[in-house]
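What follows is a set of notes on a single structure, which appears directly below.
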Amino acid sequence: MSRKQFFFGRFFALVLAGCLAPAVQANNVQAVLEGSLLLVTGDNANNSVLLSRTATGDVIVSGRNGTTVNGLARARFPRLQLNAADIRMEGGNDVVTLSGIQTGNDLYVNLGAGADRLNTSSPVTVGANLTIEAAEGADNIQLGSVTVVEDTYVDGGLDSLNANISGLVSGKSLTVVSDAARDVIAVSDSTLAEVLSIESKAGNNSISVSRVVSFAAVISSDLGSDSVAVQDLITSEDFGIFTGAGNDTVTLDNIESGKSITVSVDSGVDSVVGANVSAAEDAVFEGGAGIDTLTDLGIFGGTKKDIKEFEVLLP
């Protein structure tokens, strides 16, 4: 064989090998350790992963619904004393499930763009801060039985947010922020050492709080016809509800504040109902512009009760 024939033959063999080589795998999540920090990174496909912890302390990142992890069905990290976790799902309609995960410090989840879902299937413990961020797309965040030593922060990003947080024990505050779309936010059966803060922007939003004990609480909504329902809330300090322009409905049932309560509804035809609402100091209810209705089924202020700018007072 001549040298020319040899080189042509090798060239065609390389071309053929390149054509037959597998393409870069899509729907694959990378899971790696940097010391005791777990890094989980998705791609732009629709990834679905389960992060779990076994009884022996192994941390497992499993792929679901066709998703692979490091090109395999799962990645196992034996007897891992997990210091922190950083999860970034990138684009696609992703699903992240946390089951029994325990971190010594922060747990950070960025769901990325897409219609994403984050949920817990068994108790999760975070040794410092829990941060969940979304981006463009309708996102669904379901947290149950989570213990956080410091702050809990949920940012729904752009588009709509459906957030249901139940059984949270937070050593500091819970903050839920959403953007200008219709959002549904519910917080229940939770204890917060500091502040419960819920802020929804424009959109016809629905906010509910039930069976919560916190140091203080504030709920604010912007433009839109919003519904705010609070039941069985106890705060050591101030509690406030502030709604923006729109025809808003606020319902309070069995509320106790160790300091003051302020309910302020902006312009629009608003309805406020208060039953067994008690403030150790001031109870202030402001109707704002428009034909507003206050139904007083037991509103009490230890220092004063101030009702103003309501055109209709019931019963």
Side-chain angles (χ1 to χ4, degrees), residues 21-157 163 165 168:
V24 176
Q25 186 172 6
N27 199 4
N28 181 63
V29 170
Q30 296 291 330
V32 298
L33 280 179
E34 290 187 0
S36 56
L37 167 66
L38 175 62
L39 299 174
V40 178
T41 307
D43 58 21
N44 287 322
N46 299 333
N47 304 139
S48 179
V49 293
L50 166 66
L51 281 75
S52 61
R53 183 177 183 272
T54 68
T56 58
D58 296 356
V59 173
I60 302 174
V61 183
S62 304
R64 290 177 161 184
N65 299 324
T67 299
T68 57
V69 180
N70 299 342
L72 304 172
R74 64 186 60 84
R76 179 186 291 267
F77 304 95
R79 301 185 182 279
L80 175 61
Q81 296 294 320
L82 188 59
N83 180 55
D86 188 301
I87 303 168
R88 299 172 188 264
M89 297 309 296
E90 306 299 343
N93 301 329
D94 303 313
V95 178
V96 177
T97 302
L98 305 176
S99 178
I101 290 295
Q102 299 177 3
T103 64
N105 283 290
D106 293 344
L107 172 57
Y108 173 77
V109 181
N110 188 315
L111 294 170
D116 304 309
R117 180 181 178 90
L118 170 69
N119 59 288
T120 57
S121 62
S122 64
V124 171
T125 302
V126 180
N129 302 296
L130 171 60
T131 302
I132 301 169
E133 295 181 345
E136 299 87 353
D139 298 298
N140 191 315
I141 296 172
Q142 307 287 315
L143 299 180
S145 300
V146 178
T147 300
V148 181
V149 173
E150 296 185 13
D151 289 312
T152 305
Y153 179 79
V154 176
D155 185 345
I165 301 169
L168 172 67

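Remember, it's a predicted structure, so these values are computed and weren't measured experimentally.
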Legend entry - Stepwise side chain to side chain donor-acceptor pair (under 3.5 Å) check, Glu133 with Tyr153: CA-CA 8 Å; Glu133 295 181 345; Tyr153 179 79; 5.8 Å; no
Inset, instruction - Go through the steps for Ile87 and Leu51 under the test side chain to side chain contact (heavy atoms under 4.5 Å, CB included), then give the verdict. - result: CA-CA 10 Å; Ile87 303 168; Leu51 281 75; 3.6 Å; yes
Inset, instruction - For side chain to side chain donor-acceptor pair (under 3.5 Å), just list the numbers for Asn47 and Asn27, CA-CA rounded to whole Å, side-chain angles, deciding distance to a tenth of an Å, and then say yes or no. - result: CA-CA 6 Å; Asn47 304 139; Asn27 199 4; 2.9 Å; yes
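To the nearest 0.5 angstrom, Leu118 atom CG is 11.5 Å from Asn110 atom CG. Separating the CG atom in Asp106 from the CG atom in Asn129 is a distance of 4.5 Å, to the nearest 0.5 Å.
Within the 4.5 Å cutoff, the side chain of Asn140 has no heavy atoms near those of the Asn119 side chain. Here the side chains of Leu82 and Ile101 are in contact, with some heavy-atom distance below 4.5 Å. Residues Leu143 and Ile132 are in side-chain contact: their nearest non-hydrogen atoms beyond the backbone lie under 4.5 Å apart. In this structure, the side chains of Asn70 and Gln30 come closer than 4.5 Å at one or more pairs of heavy atoms.
Considering all non-hydrogen atoms of both residues, Leu168 and Thr152 come closest at CD1-OG1, 4.0 Å. Nearest approach of Leu80 to Leu33, heavy atoms of both residues: CD2-CD2, 3.8 Å. Between Leu111 and Met89, the shortest heavy-atom distance links the atoms O-CB, 3.6 Å. Across Gly92 and Asp116, no two heavy atoms sit closer than the pair O-OD1, 2.9 Å. Shortest non-hydrogen contact noted between Ile141 and Val154 is CD1-CG1, 3.7 Å. Residues Val61 and Phe77 come closest through the heavy atom pair CG2-CE1, 4.2 Å.
Sequence neighbours left out, the pairs with a member in residues 82-91 that pass side-chain hydrogen bond (donor to acceptor under 3.5 Å, both in side chains) are Asn83-Asn105, Asp86-Arg88.
Of the options Arg79, Arg76, Arg53, a side-chain hydrogen bond (donor to acceptor under 3.5 Å, both in side chains) to Asp58 is made by Arg76 and by none of the others. Each of Thr68, Asn65, Thr67 was checked for a side chain to side chain contact (heavy atoms under 4.5 Å, CB included) with Val49, and the lone residue meeting it is Thr67.
For Arg117, the CZ atom counts as densely surrounded, since its 6.0 Å shell holds more than 12 non-hydrogen atoms of other residues, nucleotides or ligands.
The backbone N or O of Asn46 sits nowhere less than 3.5 Å from a side-chain atom of Asn93 that would complete a donor-acceptor pair. No donor-acceptor distance shorter than 3.5 angstrom exists from the side chain of Ser62 to the backbone of Arg74, with no hydrogens or angles considered. A side-chain donor-acceptor contact under 3.5 Å links Asp43 to the backbone of Asn28. Distance alone, capped at 3.5 Å, is enough to place a donor-acceptor pair between the Asn44 side chain and the Gly91 backbone.
Ser99 and Ser52 share no donor-acceptor pair across their side chains, judged by distance under 3.5 Å alone.
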